[in-house]
Amino acid sequence: MSDRAGSATDWLLSFSDPVRGVGWNPASGTGLEWNVRRTRLLLDIAGAHDRTMSIVLVAGTKGKGSTAAMTARLLATTGRHIGLSTKPHLQEFRERIRVDGVAISSHELERRAAQLREVVDALTRRVPEAGNPTTFELATVLALGHYAGEGCDAAVLEVGLGGRYDATNATDPLVSVITAISHDHTRELGSRLSQIAREKAGIMRPGRVAVVAPQPDEARRTLRGVAASLGTPLREVRALATRAADELGLPLKGEHQRANASAALAAVDILAQHDDAFAGVRRDGSLRDLGWPGRFEVSAPNVVLDGAHNDGSAEALAATLRREFPRRKVRFVIGLMRDKDARAVVRALLPLARSVDAVRAPGPRGLEPEAIVRLARGVPARAHEELAAAIAAARADAGERDVVCVTGSLSVVGQARDALGLGVAERLW
């Protein structure tokens with residue numbers, strides 16, 4: 001992935017663990033509970049900008065970003081300014097921070113980062129025991145300052161890892177949303193859906209409604225139990241009917257996106273009950289102009305980019321491929337991270353596969369392509385070191401009706417967008 005934002009991005013990423021990612025900093029020297037406490041301290045030192053707007057938190061395993069983007073788009077139909085924080089970025093860090101769907105400019109990112117350096121210095125002086133922040137914590141604080149500066153009335157924040165100890169949980173959401181839960185980050189969150197659901201439920205607040213998308217039984221039972229103990233009213237939603245999705249103008253493919261849209265609509269309804277500014281949300285065709293790169297993105301004839309990286313998202317991708325390209329075989333280009341369940345991802349996709357071209361996902365977390373080849377039993381498979389070469393090989397072998405699908409990681413999808421000559425999505429609507 002390219003990133004032309006310059007020293008601001010370099011400085012922000014210097015607070016990351018190169019192996020574990022932007023939510024970890026080996027220099028922190030503190031436990032997970034400090035992720036929230038430290039973020040709250042940073043927010044307060046910076047001016048508590050989050051207190052000036054309505055906050056929507058969106059947690060879950062799959063569909064978080066899509067749900068957050070749809071929620072922000074719906075809220076923006078009122079004419080109010082809306083902040084949107086999503087993760088990860090595909091091509092440039094700026095994509096994580098948007099106002100009214102527009103990515104923060106390189107100049108503004110530099111300016112905000114310069115201000116944030118002073119906030120970090122102040123934290124070190126005042127609360128030395130807090131340890132060093134992470135990139136994700138800093139990005140959260142920077143984003144909220146940007147949203148306040150742009151006069152945003154609401155901010156929709158995609159939760160990073162889990163929920164209970166996530167940096168975004170330092171805010172006080174009026175509405176909490178939990179999208180579909182499946183297996184991911186099992187090292188940190190646990191291997192059972194009940195454990196994962198309990199961590200996600202950490203974004204719930206007593207007396208404030210939490211929206212829950214369709215869930216596996218084990219996760220649903222856990223979420224209901226936590227809500228009952230907290231006194232959190234639940235609003236459980238079903239996937240929108242096809243007609244309702246068409247009326248909304250839902251451009252994102254797959255039944256799972258109809259479930260995400262239903263959760264977004266419910267969140268908007270609840271927010272409107274708290275704040276009259278959002279009572280005039282327009283629904284008819286309101287999502288028609290929403291773009292969401294890397295999520296079943298058809299970038300060229302018969303080329304699909306999708307960041308599916310766990311069992312649930314790979315199953316959703318397979319179902320959508322069957323629906324959108326019936327009775328057609330797929331040539332998969334797959335790159336995965338080492339901490340993902342590669343076997344589960346490949347197993348979900350193999351029934352559709354005519355071939356697999358495996359590639360190493362970028363960075364030290366990338367899984368060796370040979371490991372993916374070994375999992376692709378029963379179909380022709382080969383390993384590549386360069387993504388561009390893998391895409392070229394798959395496209396060269398593709399017949400007229402074959403589909404080429406690049407998947408396994410959003411970082412791989414970001415690289416694919418670069419390789420295919422697709423520019424940064426400066427605006428989502």
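- Checking Tyr147 against Ser85 by side-chain atom types alone, a donor-acceptor pair falls below 3.5 Å.
- Side chains of Gln415 and Asp418: no donor on one and acceptor on the other come within 3.5 Å.
- The pair Glu137-Arg38 meets the salt-bridge criterion, with a side-chain N (NZ, NE, NH1 or NH2) lying under 4.0 Å from an Asp/Glu carboxylate O.
- Taking a cutoff of 4.0 Å between a charged side-chain nitrogen and a carboxylate oxygen, Lys329 and Asp402 do not qualify as a salt bridge.
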I would like to know whether Arg347 and Asp311 meet salt bridge (charged side-chain N to carboxylate O under 4.0 Å, His left out); could you show each step before the answer? CA-CA 9 Å; Arg347 182 173 59 236; Asp311 55 351; over 6 Å; no

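- If you take CZ on Arg73 and CG on Asp100, they are separated by 9.0 Å, rounding to the nearest 0.5 Å.
- Closest non-hydrogen pair, Val373 versus Ala358, comes out as CG2-CB, 3.9 Å.
- Donor-acceptor pairing under 3.5 Å is recorded for the side chains of Gln257 and Ser66.
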Step by step, work out the salt bridge (charged side-chain N to carboxylate O under 4.0 Å, His left out) result for Arg331 and Asp357. CA-CA 8 Å; Arg331 295 189 180 274; Asp357 285 279; over 6 Å; no

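- Considering Leu57, Asn35, Leu157, Thr140 in turn, Leu57 is the only one that fulfils the side chain to side chain contact (heavy atoms under 4.5 Å, CB included) rule with Asn169.
- Ser54 contributes no side-chain N or O that, together with a main-chain N or O of Ala154, makes up a donor-acceptor pair within less than 3.5 Å.
- Here the closest non-hydrogen pair linking Phe278 and Val281 is O-CG2, 3.3 Å.
- Taking a cutoff of 4.0 Å between a charged side-chain nitrogen and a carboxylate oxygen, Asp172 and Arg205 qualify as a salt bridge.
- Atom CE of Met70 is separated from atom OG of Ser262 by 10.0 Å, given to the nearest 0.5 angstrom.
- With respect to Arg382 and Asp397, a salt bridge is recorded, a charged nitrogen being found less than 4.0 Å from a carboxylate O.
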Could you please spell out the steps behind the side chain to side chain contact (heavy atoms under 4.5 Å, CB included) verdict for Leu161 and Trp24? CA-CA 10 Å; Leu161 177 66; Trp24 307 90; 3.5 Å; yes

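- The residue from Ile178, Ile203, Val58 that alone fulfils the side chain to side chain contact (heavy atoms under 4.5 Å, CB included) condition with Val159 is Ile203.
- Aromatic rings from Phe15 and Trp11 are positioned such that their centres are separated by under 6.0 Å.
- No salt bridge links Asp246 with Arg288; every basic N to acidic carboxylate O contact stays at or beyond 4.0 Å.
- Note that SG of Cys152 and CG of Leu75 are 11.0 Å apart. Values are rounded to the nearest 0.5 Å.
- No more than 12 heavy atoms of other residues, nucleotides or ligands lie within 6.0 Å of CZ in Arg198, so this atom counts as exposed by the packing criterion.
- Heavy atoms of other residues, nucleotides or ligands lying less than 6.0 angstrom from CZ of Arg282 number more than 12.
- The pair Asp217-Arg220 meets the salt-bridge criterion, with a side-chain N (NZ, NE, NH1 or NH2) lying under 4.0 Å from an Asp/Glu carboxylate O.
- Remark: Arg322 is not positioned above the aromatic ring of Phe325, lacking an NZ or CZ atom under 6.0 angstrom from the ring centre and at most 45 degrees off the axis.
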Glu368/Arg360 under side chain to side chain contact (heavy atoms under 4.5 Å, CB included): CA gap, chis, key distance, verdict: CA-CA 6 Å; Glu368 294 78 5; Arg360 187 188 306 272; 3.7 Å; yes

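- A distance-only check finds a donor-acceptor pair linking the side chain of Thr179 to the backbone of Lys62 [under 3.5 Å].
- Contact detail for Glu150 and His81: the closest heavy-atom pair is O-CD2, 3.7 Å.
- The line from CG of Leu317 to CG of Leu321 is 4.5 Å long, rounded to the nearest 0.5 Å.
- Using a distance-only test at 3.5 Å, with no hydrogens or angles considered, no donor-acceptor pair links the side chain of Lys87 to the main chain of Gly65.
- Within 6.0 Å of atom CD in Glu255, 12 or fewer heavy atoms from other residues, nucleotides or ligands are found, so the atom counts as exposed in its surroundings.
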Could you walk me through whether Phe136 and Val141 pass side chain to side chain contact (heavy atoms under 4.5 Å, CB included), step by step? CA-CA 9 Å; Phe136 189 66; Val141 177; over 6 Å; no

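- A donor-acceptor pair is defined here as one N or O able to donate and one able to accept, closer than 3.5 Å; such a pair exists between the side chain of Asp306 and the backbone of Phe296.
- The backbone N or O of Arg94 sits nowhere less than 3.5 Å from a side-chain atom of Arg96 that would complete a donor-acceptor pair.
- Going from atom CG of Leu138 over to atom CG of Leu116 covers 5.0 Å, rounded to the nearest 0.5 Å.
- To the nearest 0.5 Å, atoms CD (Glu110) and CD1 (Ile104) are separated by 10.0 Å.
- In this structure, Lys200 contributes its side chain and Gly163 its backbone to no donor-acceptor pair below 3.5 Å.
- For the residue pair Glu218 / Ser194, a side-chain donor-acceptor distance below 3.5 Å is found, with atom types taken as modelled.
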List the steps, then state whether side chain to side chain contact (heavy atoms under 4.5 Å, CB included) holds for Leu248 with Leu74. CA-CA 10 Å; Leu248 196 62; Leu74 288 165; 4.2 Å; yes

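- Remark: Glu33 does not engage Arg164 in a salt bridge, criterion side-chain N to carboxylate O under 4.0 Å.
- When atom types are taken as modelled, the side chain of Gln195 and the backbone of Arg192 share a donor-acceptor pair closer than 3.5 angstrom.
- Side-chain N or O atoms of Ser409 include one that pairs as donor or acceptor with a backbone N or O of Ser411 at under 3.5 Å.
- Side-chain atoms of Asn302 and Arg328 form a donor-acceptor pair, as typed in the model, at a separation below 3.5 Å.
- Under a 4.0 Å N-O distance rule, the pair Arg283/Asp269 qualifies as a salt bridge.
- A salt bridge does not link Glu370 to Arg374: none of the charged nitrogens lies less than 4.0 Å from a carboxylate oxygen.
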